[in-house]
Amino acid sequence: MAKLKITLQHSAIGLSQKHKDTVRTLGFKKLNQTVVREDTQALRGMLHKISRLVHVETVNEE
C-alpha cells in the first residue's frame, strides 16, 4: 500500500475543535512537522477535512 508524507504548514488556531482534534489525531504537535502514514480511506477523509492546513506528497516504496 502507498504511503503519504504529510506536512503541517498552517496553524489550527481559530478553527473548530473538530479540526484541531483531526490535526492532533494525525500526530502533529508543531508547525512544519512531517509524518508518514499509510494511504487509507479514513486518512484521506481526515486530510480532506484539513486540506488547507497540510501539504501531502506520495512516498515511493522501495
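We use all heavy atoms of the structure for the numbers below, so side chains are in, but hydrogens, waters and symmetry mates are not.
- Leu31 and Val36 are assigned to two separate hydrophobic clusters, defined by single-linkage of ILVMFWY side chains at heavy-atom distances under 4.5 Å.
- Annotation: Lys49, atom NZ; neighbour count of heavy atoms from other residues, nucleotides and ligands within 6.0 Å is above 12.
- The distance from the OG1 atom of Thr7 to the CZ atom of Phe28 is 6.5 Å, given to the nearest 0.5 Å.
- Under a hydrophobic-cluster definition in which Ile, Leu, Val, Met, Phe, Trp and Tyr are linked whenever side-chain heavy atoms come within less than 4.5 Å, directly or via other members, Val59 and Val54 are assigned to different clusters.
- Lys3 and Asp39 are not joined by a salt bridge, as no carboxylate oxygen comes within less than 4.0 angstrom of a charged side-chain nitrogen.
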Intermediate values then yes/no, side chain to side chain contact (heavy atoms under 4.5 Å, CB included), Lys5 and Val35: CA-CA 6 Å; Lys5 182 172 149 183; Val35 295; over 6 Å; no
Derivation of the side chain to side chain contact (heavy atoms under 4.5 Å, CB included) call for Asn32 and Leu8: CA-CA 5 Å; Asn32 297 317; Leu8 182 64; over 6 Å; no
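- A side-chain contact (heavy atoms from CB on, under 4.5 Å) with Arg37 holds for exactly one of Leu47, Val56, Ile6; it is Ile6.
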Chi angles and distances behind the side chain to side chain contact (heavy atoms under 4.5 Å, CB included) call for Leu4, Glu57: CA-CA 6 Å; Leu4 297 176; Glu57 299 174 26; over 6 Å; no
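- Sorted by first then second residue, the side-chain hydrogen bond (donor to acceptor under 3.5 Å, both in side chains) pairs that include residues 9-19, not counting sequence neighbours, are Ser16-His19, Gln17-Asp21.
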Step-by-step side chain to side chain contact (heavy atoms under 4.5 Å, CB included) determination, Val23 to Leu15: CA-CA 11 Å; Val23 169; Leu15 298 179; over 6 Å; no
